[in-house]
Amino acid sequence: MLFRALFIVALSVYASLAHADPIGGRLSGTSGTAVTRVDNIGLTKLFLVSFGGNTTLIYDGSALVARKFTPNTQLVLDTTVHVASTNFDVYECWSGSAVVIGTVAYGTATTEIDGIWTNTSSIALRNNGANISYPANQCTRRGTIRTTGAGLTEDSYAKRFVSNFYNAQLRPMRVYANVLTWDYGDATLRYAHGDAANRLAFVQSTSGRMLMVWVAVDVVNSTANFVTPMVSIGINATNAHAQGAVLTNTAVSNHAVQLRASWIGTVGDGDGYAAWLEVGAGVDMQAWYAGGPDTGVGGITGAIEN
Amino acid sequence: MHTLLRSLLFVALAATLALANGSAPDPYVINSLAPASNGYNVVNEKTQVHPDTCTGTKFHFIVFGQSNSANPLSAARYTPSNSGVLNFNLLSGGLYRGADSLLGAGGGGGGWPSRVADQLITNSKANCIVINTFGIGGTSIAQWASGGILNNRITVAVQRSATVLPITFNRCMVLIDIGETDNALGTSQAAFSAGLSSVRSTLTSAGAGCPIFIALASLNSGSTSSAVRAAQSAEIDNVNVFPLGDFDTIGCSDRVGCTDMTASGMAAAASIAYGNIVSYLNAH
């Protein structure tokens, strides 16, 4: 029953995404591939790749004008401006002969013109170490990215740091624990294994996008007593269950029991994360088994529109 | 299982939607080796670096083959003393400080590639060496040849590194260390030569116009293969293909089960490889 319900949710997401956006193209870490399947870590540049065509709409001071971008137009990050762990908005503008893309500070004010989000004030677009200024409203919002290191971004199963304002797609996410098993019995919420890497991290160019998260892990108590440890999911928090999370409350004894948690909802714009959390029973000691890739035992998985 | 099914469902939906809107297939998908590992990929224990940190005289090592080139557990991990030793991970495109276990290669132990790179930098032959390694233990030359399950690892490693690393290398070198499994399989000289030839064609097609260095390597459970060694020797023409060294001279005392090298065996292999690479550098 649960699986059927999830399937219906997935279909509805599919249907909502299947509408035609007025603007073609997606930001991608791989030239020529609009929706990548493998991890892209350490990206020094992004590409504006054709997707549903290569036409965009850019305001010219009096009206929106359809402009064709050159497929795989590059956005090259630099280590001076694109400092580590920072969000940047991405815009596209008409240079007079071509569509160019670049970054501005995250949260740069936008103004809607006939359904297209433009820059409220003049902006200096950053690309490949140079700034080029464009007048107010004459650039179109393309997306938001987040850096990992200086001059580096990432689009991976663990970190969806390239968010498309248009043509968002459902992207799979997952993280496995770095160890097969660990002990934890305290009645205090924390990251699974106390490891902050156990989370799905993302950035969003707009609010209201869907995030779906599941956690599963095997737990064994150190005695024959029945106790109630839990796994949980935190949205942008590690000390509280996400509101609306579905959690198992199964009693655990000295035989392995799978504990699960799930959460489906929407997230705001900017950077965020879904944390894989655990809380021990507060008595005895619980052994947690995550298994790792390909074992099917446990980890945090999910999907996000991005 | 439910979690897996749900994930598969959403991946399938996402892929369907992406294809419906004209996204080309991802060129960096490698053939799955499940249930075996596609390569060591524990990035959380690594230090990611920007490609701009690779400066001075820059080498690109493309390394593959079987266990002794692929982080075998028989060898303790080695951490280079030089920060110029870097590791490109074909599984993600990331660039990291080089340290065993090297990302991309199969096992979770140590090896000779990081040691060779460290020696070359210590002795001022280079300032930065990017090790692009993707060998898998227990594999045969036929698996790396065209049609083999490992063949597209060569293409992905070569093309992905060329595309995502904004580094102009002064030199690139392909280092191949394979033969122990073919010894056990009884692969003929002709078959091994055909496999090597196919691997070379794949490298060329992928755009790796680098000199190739081949190790004489066949020692498995205490015995060598004259057929495999003959094929390896025959490939060396000192024009396009050069010797990496005779790894079979590293004896059983430096191996586990007289096959996979220990740390001392890896150090010996590194010294042999270092000597041959320096000879090449001096002549070219």
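We name chains A, B, ... by the order of the sequence lines, and we start the count at 1 in each one. Predicted model only: the values in this text are computed from it and were never measured.
Of all residues spanning residues 91-99 of chain B, those with a heavy atom less than 4.5 Å away from chain A's heavy atoms are B:Leu91, B:Ser92, B:Gly93, B:Gly94, B:Tyr96, arranged by number. Identified by a heavy-atom distance below 4.5 Å to chain A, the contributing residues of residues 133-167 of chain B are B:Arg160, B:Thr163, B:Val164, B:Pro166, in residue-number order.
Comment: B:Arg77 engages B:Glu45 in a salt bridge, judged by a side-chain N to carboxylate O separation of less than 4.0 angstrom. Classification of A:Asp155 and A:Arg171 as a salt-bridged pair holds, one side-chain N sitting under 4.0 Å from a carboxylate O.
B:Thr259 contributes a side-chain N or O that, together with a main-chain N or O of B:Gly257, makes up a donor-acceptor pair within less than 3.5 Å.
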Quick one, A:Thr153 with A:Arg146, criterion side chain to side chain donor-acceptor pair (under 3.5 Å). Give me CA distance, side-chain angles, the key distance, then yes/no. CA-CA 6 Å; A:Thr153 188; A:Arg146 180 170 175 80; over 6 Å; no
After noting the C-alpha distance and the side-chain angles of B:Thr57 and B:Asn170, does the key distance pass the side chain to side chain donor-acceptor pair (under 3.5 Å) rule? CA-CA 6 Å; B:Thr57 301; B:Asn170 299 88; 4.9 Å; no
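The part of A:Ala150 that comes within reach of chain B is its backbone (N, CA, C, O), which places non-hydrogen atoms under 4.5 angstrom from that chain. Residue contact with chain B, scored on non-hydrogen atoms closer than 4.5 Å, involves the side chain of A:Thr79 exclusively. Only the side chain of A:Thr30 comes within contact range of chain B, with at least one heavy atom under 4.5 Å from a heavy atom of that chain. For chain B, the nearby part of A:Asn178 is the side chain; its heavy atoms alone come within less than 4.5 Å.
Expressed to the nearest 0.5 Å, how far CG of B:Asn38 lies from OG of B:Ser32 amounts to 5.0 Å.
Checked against A:Ile145 for a side-chain contact (heavy atoms from CB on, under 4.5 Å), the options A:Leu77, A:Thr86, A:Val203 give a single hit: A:Leu77.
Between A:Thr44 and B:His50, the side chains place no donor N or O within less than 3.5 Å of an acceptor N or O (distance only, hydrogens not considered). Defined by atom type and a distance below 3.5 Å, a donor-acceptor pair is present between the side-chain atoms of B:Asn41 and B:Asn89. A donor-acceptor contact closer than 3.5 angstrom links the side chains of B:Asn68 and B:Glu180.
Annotation: cation-pi geometry satisfied between A:Arg160 and A:Tyr157 (NZ/CZ under 6.0 angstrom from ring centroid, within 45° of ring axis).
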